[in-house]
Amino acid sequence: MSDQKRRLVLPGEILGSNVDAKEPYVYRDEQGSVRAAVAGLLDKRDEREVFIPLEGVYIPKPGDIVIGLISGVGVTNWFVDINSPYTAVLNVQDLLGRPFNPQLDELSRYLNVGDYIKAKVVAFDRTRNPLLSVQGQGLGRIVEGKVIEISPTRIPRVIGRKGSMLEVLTKETGCEVYAAVNGRIHVKCPNREMEAIVILAIKTIEREAFTTGLTARIRKLIEEEKIVRGVNVEG
Amino acid sequence: MKAEGVRLITEEGLRHDGRRPEDLRPIKMQVGVLSNADGSAIVEYGKTKVIAAVYGPREPPQKFMLLPDRAVLRVRYHMAPFSTSDRKNPAPSRREIELSKVIREALEPVLLLEYFPRTAIDVFIEVLQADGGTRTTGVTAASLALADAGIPMKALVAGVAVGKVNGVLVLDIDEVEDSMGEADMPVAGAPDLGLITLLQLNGVLSEDEFKRALDMAWRAIERIVEMEKEVLRGKYGLAPAQEQGGVEG
């Protein structure tokens, strides 16, 4: 851990005034200094320091694109598990875009328990459950590929700085990878072997998220796995 | 409660287990011991062994208990039937219900519960083996498990008990010293904030003794919190690529 660039901080440690960090990972004490609330890494970037939390849950924010799992069907809405302490709600009118009569139509025809959807959080203020919308490009039911779940705090690592890690994952395997902020990742691959490799790579990123030189190692891991499994990216 | 004929302090000033009055028992800690819980820890103070598991923040099954402005903290302190020499009835006793409350109040001041309104955070503290100081060991285990779960907290807490046996103040008393001694004072707190979150006293101490006892406990708590930090650093520190170096963000 003798890395000068990065330092591990534990709950209660004072971070200093020159640190980029957000609640709920930090708090301001009575003296006004910012302290860590969870374990995290303090990363030196140019003049400033950035606090990267290592633990935490997903708290919805309006505008976030999330991958949700339908957990219940109501009369005019669905209950969606978005990997958060708060269950989200999706209204029928939003999905169908037309009036809905619950006496003539059934909700489970459109989305049923166990379906995955990609949706946008449109409203959340912590007093009511988050409201989702599927109106928008690429939103709606996920019909192919696989969804894997990792800790939401590891998502920035899967994306990498300016998308560098995501680029390695997609370029090297030919898969489409969508990492949603709530810790769920949708992968769509040309074949099974590539899917297995991408999942292995993502699980490795989750486990080793707080190490340096990860992008290079993931690239190597994917290349080695491709040789072991005897597959290549076509096109 | 009098130590009739039992000498808990020898002529050399040592205790029945060979410790000096200001010594702690050997302390062992481990985090992430349960895979189903969001956070967990096992802590041993000598022969006292306590496991803690933390779940949440999550939606509780009973919605009526939710608070509109912060998370509810639910703590269950429980002694396993096999934790004592005589079988302990597993039903929650009056004492366990009280200790659950006392431990909850020892943790609440350091948790940032207002970050997660309308959710519940559950802490389960299970005493596996009891040899005195189970509530303070429980506080230490719960603190580690909460940090392991990533529940936002202002600082780490730890607990330790100070007792008085044969007129001598002794740190981290065990079962024998507790039952034969003249006083037992469990203390828990967060040294990073200078905050005492638990203070109980069973028995009689003079004002001067109380001050000295609190001072002993506080210094021990500082040491135990330092151990907690060491264990948490170990959890993240043993990353395989750390020594390989490399530049990348």
Side-chain angles (χ1 to χ4, degrees), chain A residues 1-3 5-6 8-14 23-30 35-41 43-45 50 52-57 59 81 84-87 125-129 151-153 156-157 160-162 164-165 204 207-217, chain B residues 31 38-39 55-60 66 68-71 110-121 143-144 146-157 190-195 225-226 228-249:
Chain A
M1 284 311 292
S2 57
D3 216 74
K5 218 175 136 244
R6 281 193 168 179
L8 181 72
V9 285
L10 295 171
E13 269 183 57
I14 296 175
E23 281 182 13
Y25 306 116
V26 293
Y27 74 101
R28 206 170 273 279
D29 66 12
E30 279 153 23
R35 289 173 184 251
V38 297
L41 291 173
D43 191 14
K44 241 195 170 77
R45 288 181 190 170
V50 180
I52 308 162
L54 293 173
E55 310 280 354
V57 292
I59 298 299
D81 163 21
S84 160
Y86 306 96
T87 304
D125 58 4
R126 298 192 192 207
T127 60
R128 281 158 175 270
N129 280 2
S151 165
T153 53
R157 210 69 178 89
R161 203 175 277 178
K162 293 192 186 107
S164 59
M165 186 69 87
T204 310
R207 204 174 48 245
E208 301 179 7
F210 37 80
T211 61
T212 51
L214 191 57
T215 314
R217 267 182 301 125
Chain B
V31 288
D38 294 321
Y55 293 82
R58 63 179 178 182
E59 260 179 84
L66 295 182
D69 58 337
R70 62 191 179 93
V110 298
L111 291 177
L112 291 152
L113 297 172
E114 62 275 18
Y115 283 172
F116 306 107
R118 299 190 307 120
T119 63
I121 295 167
S143 163
L144 269 178
L146 285 162
D148 184 40
I151 310 288
M153 55 204 296
K154 293 179 184 170
L156 294 166
V157 278
D192 287 349
L193 303 175
L195 194 71
V225 166
E226 217 34 65
E228 286 183 24
K229 288 183 178 171
E230 211 44 59
V231 171
L232 288 171
R233 278 189 204 108
K235 178 190 169 191
Y236 302 106
L238 294 170
Q242 209 61 56
E243 54 277 6
Q244 292 174 18
V247 274
E248 195 251 344

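Chain letters run A, B, ... following the sequence lines, proteins first, then strands; residues in each count from 1.
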* Structure fact -> When the 4.5 angstrom heavy-atom criterion is applied to B/I151 and chain A, the contacting part is backbone
* To do: Say whether A/Y27 and B/E114, considering side chains only, have a donor N or O and an acceptor N or O under 3.5 Å apart.
  =>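 No - no donor-acceptor pair under 3.5 Å links their side chains.
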* Between B/K229 and A/E13, does at least one N-O distance fall below 4.0 Å, as a salt bridge requires? -> no
* Contact winner vs chain A - B/P57, B/A155, B/A190, heavy-atom pairs under 4.5 Å ->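 If we count pairs closer than 4.5 Å to chain A, B/P57 comes out on top.
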* Asked: Picking from B/L156, B/L112, B/V110, which has the most non-hydrogen pairs under 4.5 angstrom with chain A?
  -> B/L112
* Counting distance only, does the side-chain N/O of A/R217 pair as donor-acceptor with the main-chain N or O of A/T212 below 3.5 Å? -> yes
* Between the main-chain N or O of A/V50 and the side-chain N or O of A/D43, is there a donor-acceptor pair closer than 3.5 Å? -> no
* Structure fact -> Heaviest contributor of heavy-atom pairs below 4.5 Å to chain B, chosen from A/G12, A/A36, A/P85, is A/P85
Sort [X] into side chain, backbone, both or neither according to what part of it lies under 4.5 angstrom from a heavy atom of chain B.
X: A/R128; result: backbone
X: A/I59; result: side chain
X: A/S84; result: neither
X: A/N129; result: both

* Atom CG of A/L41 and atom CG of A/L54: how far apart are they, to the nearest 0.5 Å? -> 4.5 Å
* Please walk me through it: do B/L146 and B/I121 pass side-chain contact (heavy atoms from CB on, under 4.5 Å)? -> CA-CA 9 Å; B/L146 285 162; B/I121 295 167; 4.3 Å; yes
